[in-house]
Amino acid sequence: MLKTIYLANPRGFCAGVKYAISYVETVHALEPEDTIYVRKEIVHNRRVVEDMKKKGIQFIDELSEAPDGATVIFSAHGVSPEVVNEAKNRKMKIGDATCPLVTRVHKKAKNIKDSHQIIYIGHRGHDEAVGTMGEATMHLVETEEDIEALKSVLDSTKPITYLMQTTLSVSDTKSLVRKIEEVFPNVEHPQKDDICYATTERQEAVTSMIDAVDAMLVIGSENSSNSVRLLQLAEKTKPASFRISSADEIKPDYFLQNQIETLGITAGASSPQILVDEIVERIKATFPDAKVSLFPDGREDLMSFRLPKQLLLS
């Protein structure tokens, strides 16, 4: 019988997600008569996207789905220069809601593309990886085997460095970086780690509470990289951990079958607090005596990014 629910802190929206959502909503408020097109999901969360659709904001996969001259906003995950140029050529009014931490990785790529061979640690096909890799020639790696295969591709006598997708697991990237060092001893390490503070802090929060719970519930969409990493991290120690994206997915029998008495709850960086509230409420409907509290060792996420003064480039 479920007795205790601990909420991880920090959890849910990070500064980059808040920035992206605020960006779109501010443009929508300033241009109420204009149709706002957002290329790709603004963040990887269905609830956030559906709420924006209700306001009349339209989501597209490619710029070809919007008319010439339209107002288009790029998602938090960023885009390649090719996409930006296409929008400019079609005289679109451009808004860029890319997370500033992702933008920082793009700038690194542009600064070193002519001087270094670049290894990119990321997930093939992820929106952020596609955008970042559009900045320069890069060699994407997801496994140690991928790195081994680069022996015959890269010139070890010339400068080599690496960049990372910001939403990856800290522990997983450490092992990949060690493998890069082993295969390419002359590799130059970036001055600053690319994994964003929010990803790191949310993973640390799960690690700090994992011994106190029987399982972790991760709230986040299946295409949210940081949510998937949180689940993978929890499952290493507590295999009964699971992920859901809405309260409708709660299965009370699961708690009984897995003898979960103490549950930890966290949320991916693109999951809103309202989802957490709804899911806790649904769980409490089945286990009304369960006590809910913040895990005592947590800390608040106080990071924020300021919107630019000029939101649209025409």
Distance-minimising heavy-atom pair for [X] and [Y]:
X	Y	result
Ile94	Ala87	CD1-CB, 3.7 Å
Pro81	Gly134	CD-O, 3.4 Å
Pro32	Ala29	CD-O, 3.4 Å
Ser227	Ser224	OG-OG, 2.9 Å
Ile147	Phe184	O-CE1, 4.2 Å
Pro272	Val48	CD-CG2, 4.1 Å

TODO: For Arg104, look at atom CZ and say whether over 12 heavy atoms of other residues, nucleotides or ligands are found less than 6.0 Å away.
DONE: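 For Arg104, atom CZ is crowded (more than 12 foreign heavy atoms under 6.0 Å).
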
- [ ] Give a yes or no on whether Glu188 atom CD has more than 12 heavy-atom contacts from other residues, nucleotides or ligands under 6.0 Å away.
- [x]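 Result for CD/Glu188: enclosed.
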
Atom pair [atom1] ([X]) and [atom2] ([Y]), whose distance is rounded to the nearest 0.5 Å:
X	Y	atom1	atom2	value
Ile210	Lys236	CD1	NZ	11.5 Å
Thr35	Tyr37	OG1	OH	5.0 Å
His116	Asp114	NE2	CG	11.5 Å
Ile180	Glu148	CD1	CD	12.0 Å
Ser75	Tyr23	OG	OH	12.5 Å
Asn223	His123	CG	NE2	12.5 Å

Between [Y] and [X], does any NZ, NE, NH1 or NH2 come within less than 4.0 Å of an OD or OE carboxylate oxygen?
X	Y	value
Glu235	Lys238	no
Asp68	Lys91	no
Glu128	Lys40	no
Glu182	Lys179	yes

TODO: Output all residues satisfying salt bridge (Lys or Arg N to Asp or Glu O under 4.0 Å) with Lys192, sequence neighbours left out; order by chain, then residue number.
DONE: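 In terms of salt bridge (Lys or Arg N to Asp or Glu O under 4.0 Å), with neighbours along the sequence ignored, Lys192 is linked to no residue.
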
Task: Pairing residues for Glu41 by the salt bridge (Lys or Arg N to Asp or Glu O under 4.0 Å) criterion, not counting sequence neighbours - done: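 Not a single residue meets the salt bridge (Lys or Arg N to Asp or Glu O under 4.0 Å) criterion with Glu41.
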
Are [Y] and [X] connected into the same hydrophobic cluster when the rule is that any two of I, L, V, M, F, W, Y join if their side-chain heavy atoms are below 4.5 Å apart?
X	Y	answer
Phe305	Leu311	yes
Val187	Met164	yes
Val141	Met138	no
Val27	Leu313	no
Val49	Ile36	yes

Side chain to side chain, [X] and [Y], heavy atoms closer than 4.5 Å:
X	Y	value
Glu201	Arg299	yes
Asp155	Gln117	yes
Met92	Thr71	no
Asp96	Ile73	no
Lys108	Pro190	yes
Leu230	Arg202	yes
Met216	Met209	yes

Return all side-chain donor-acceptor pairs below 3.5 angstrom for residues 9-22, not counting sequence neighbours, or 'none' if the list is empty.
unit_1, atom_1, unit_2, atom_2, d
Arg11, NH1, Ala8, O, 2.8
Arg11, NH2, Gln273, OE1, 3.4

Strictly distance-based, threshold 3.5 Å: is any side-chain N or O of [X] a donor or acceptor partner for the main-chain N or O of [Y]?
X	Y	result
Arg90	Glu86	no
Ser208	Ala205	yes
Gln165	Ile121	no
Lys284	Ala290	yes
Thr143	Asp146	yes
Thr132	Ala129	no
Gln203	Leu168	yes

- [ ] Assess whether side chain to side chain donor-acceptor pair (under 3.5 Å) is satisfied between Thr166 and Asp194, documenting all intermediate values.
- [x] CA-CA 6 Å; Thr166 64; Asp194 295 334; over 6 Å; no

Task: Residue pair Ser245 / Glu249, side-chain donor-acceptor N/O under 3.5 Å - done: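 Yes, side-chain donor-acceptor contact under 3.5 Å.
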
Open item on the list: We want to know whether Asn226 and Thr199 form a side-chain donor-acceptor pair, criterion being a heavy-atom distance below 3.5 angstrom.
Closed with: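 No pair is found: no donor N or O on one side chain lies under 3.5 Å from an acceptor on the other.
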
Could I get the full list of side chain to side chain donor-acceptor pair (under 3.5 Å) partners for [X], not counting sequence neighbours?
X	value
Asn85	none
Asp248	Arg282
Glu31	none
Glu82	none

Task: salt bridge (Lys or Arg N to Asp or Glu O under 4.0 Å) pairs, two or more places apart, involving residues 209-231 - done: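 Of all non-adjacent pairs touching residues 209-231, those that pass salt bridge (Lys or Arg N to Asp or Glu O under 4.0 Å) are Arg46-Glu222.
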
Open item on the list: Could you work out, with ring-ring contact (aromatic ring centres under 6.0 Å, His included) as the rule, every residue matching His126, not counting sequence neighbours?
Closed with: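 For His126, the residues satisfying ring-ring contact (aromatic ring centres under 6.0 Å, His included) (neighbours in sequence not counted) are His44, His77.
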
Open item on the list: The criterion is ring-ring contact (aromatic ring centres under 6.0 Å, His included); which residues satisfy it with Tyr162, sequence neighbours excluded?
Closed with: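 If we apply the ring-ring contact (aromatic ring centres under 6.0 Å, His included) test to Tyr162, skipping adjacent residues, the hits are His189.
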
Side-chain donor-acceptor contacts of residues 50-63 below 3.5 Å, not counting sequence neighbours, with atom names and distances?
unit_1, atom_1, unit_2, atom_2, d
Lys55, NZ, Glu25, OE2, 3.0
Glu62, OE1, Arg39, NH2, 3.3

- [ ] Step by step, work out the salt bridge (charged side-chain N to carboxylate O under 4.0 Å, His left out) result for Glu142 and Arg124.
- [x] CA-CA 8 Å; Glu142 296 184 273; Arg124 187 170 280 101; 3.1 Å; yes

Open item on the list: Connecting only ILVMFWY residues whose side-chain heavy atoms lie within less than 4.5 Å of each other, what is the rest of Leu217's hydrophobic cluster?
Closed with: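 When side chains under 4.5 Å apart are linked, the cluster holding Leu217 also contains Met1, Leu2, Ile5, Leu7, Ile219, Phe242, Ile244, Ile250, Tyr254, Phe255, Leu256, Ile260, Leu263, Ile265, Leu275, Val276, Ile279, Val280, Ile283, Phe287, Val292, Leu294.
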
Task: side chain to side chain contact (heavy atoms under 4.5 Å, CB included) partner of Ile119, chosen from Leu140, Leu154, Val153, Thr161 - done: Leu154

